[in-house]
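Reviewing the structure listed below.
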Amino acid sequence: MKTILVAGGAGYIGSHMVALLAERGYRVVVADNLCTGHWQAVKGAALRVGDVRDAAFLDRVFGEFPIDGVINFAAFSLVGESVGDPLKYYGNNVGGAVSLLTAMKNHGVDKIVFSSTAATYGEPEKQPIEETDRTDPTNPYGASKLAIEGLLKWCDRAYGIRYAALRYFNAAGANTEADIGEDHHPETHLIPIVLQCALGKRDHVGIFGDDYPTADGTCVRDYIHVRDLVSAHLLALEYLDRGGESGPFNLGNGNGYSVREIVEAARRVTGQPIPAVVESRRAGDPSTLIASNAKAREVLGWVPERGLETIIADAWAWHRGHPDGYGG
Ligand code: UDP
């Protein structure tokens, strides 16, 4: 397996995937419409600018390169926006996956690693969450990803396209060696927002609710370093290449941190005060999401190596070096 197509490879997680594949000697092709991605983030790959929903564009890309496997990051991923505009999310996320799978079928490509999400679980039955737990998304973003997982199952049966659906918990951190990191407009994620406060670009961080049933009342999440996240994709690709069975895998550290604990950790790492103000809850936020990563460890041999301090320190190095993201 030598040539990998990374759809959405100019985005935050996709660009870290591209850097890792290039480091490991793979030939990498990125297909990205650059609507949220950055061409500057694509290091060590051929970039083809186009939309994965465009069948003619995909046919050209699959015709140009001898693609052995696909990793799909191309999607919209803002929970709040998805609630207001479900058609945008189903249209792009599900539509993109249908078009990509069609091209794979037509060109005889039989392996795909797919970016799924902990949002497929909705309000979890228990903690830590296992892959076999009930999936019942509470927003169109999670529902669009779960719909694609369903489609993947049927494509495996019908066409023999095998898949790993990787359910991410909270991706954060940066790959400072490759000089890539998180740059969203607008930024909605906690760790980059906290670090923008440390940089003086915001005067405070809003804590979205402190009346949840958690130890300090703020939401608990499982933060996973983007570098650990992308190593799991490579392991999943190799697993599928060995003939491994399709299915979902949780990707998280297995540890939960509250919003207040994140702000505290960022104060320690940056030495900055980072003012925090309690605000009202954000719609659709489950109180606690912690992964059981036992399946990814056992089946893929994945070992996440980076804890919270490293996640925040690496993100801090990126944001300090690039206060205006890729535009700076
Ligand atoms: N959060 C917050 N203030 C912010 C952004 C996020 O309190 O400015 C909280 C949010 O309610 C959630 C946690 O931080 O409980 C992580 O949110 P994020 O948007 O980073 O990721 P999500 O869990 O939604 O994927």
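For ligands, and for the atoms within them, numbers begin at 1 and follow the listed sequence.
Interface atoms of ligand 1 facing Thr188, defined by a heavy-atom separation under 4.0 Å, are 5 (C), 19 (O). Residue contact check: Asp285 has heavy atoms under 4.0 Å from atoms 10 (C), 11 (O), 12 (C), 15 (O) of ligand 1. Taking every heavy atom of Asn170 and a limit of under 4.0 angstrom, the matching atoms of ligand 1 come to 16 (C), 21 (O), 22 (P), 23 (O), 25 (O). Counting atoms of ligand 1 from 1 in the listed order, those under 4.0 Å from a heavy atom of Ile207 are 7 (O). Here is the list of ligand 1 atoms found below 4.0 Å of a heavy atom in Ile193: 8 (O). Atom numbering of ligand 1 starts at 1 in the shown order; those under 4.0 Å from a heavy atom of Cys219 are 15 (O).
For Lys153, the NZ atom sits in a loose shell: 12 or fewer heavy atoms of surrounding residues, nucleotides or ligands are nearer than 6.0 Å. Taking a 6.0 Å sphere around CD of Glu309, one finds it holds more than 12 heavy atoms contributed by other residues, nucleotides or ligands.
Note: His189 and Tyr223 fail the aromatic proximity criterion, with ring centroids not under 6.0 Å apart.
Arg282 NH2, 3.4 Å is the protein heavy atom nearest to atom 17 (O) of ligand 1. In terms of protein heavy-atom proximity, atom 9 (C) of ligand 1 is closest to Val259 CG2, 3.8 Å.
Annotation: side chain of Lys201 is not in contact with side chain of Leu195 (no heavy-atom distance under 4.5 Å).
Ring-plane geometry between Tyr121 and Phe169 is classed as tilted, the angle between the planes lying from 30 to 60 degrees on a 0 to 90 degree scale.
The closest non-hydrogen atom to atom 13 (C) of ligand 1, taken over Tyr141, Tyr223, Tyr168, Phe208, comes from Tyr223.
Using a distance-only test at 3.5 Å, with no hydrogens or angles considered, a donor-acceptor pair links the side chain of Asp228 to the main chain of Arg306.
Considering backbone and side-chain N/O of His189, none are found under 3.5 Å from N/O of ligand 1. Below 3.5 Å of separation, one finds an N or O of Leu190 facing an N or O of ligand 1. At under 3.5 Å, a nitrogen or oxygen of Gly206, whether backbone or side chain, sits near a nitrogen or oxygen of ligand 1.
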**OP:** Start with the C-alpha distance between Phe65 and His107, add both sets of side-chain angles, then the distance that settles ring-ring contact (aromatic ring centres under 6.0 Å, His included), and finish with yes or no.
**Re:** CA-CA 11 Å; Phe65 298 93; His107 293 267; over 10 Å; no

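The side-chain tip of Arg281 points at the ring of Tyr212 from less than 6.0 angstrom away and within 45° of straight on.
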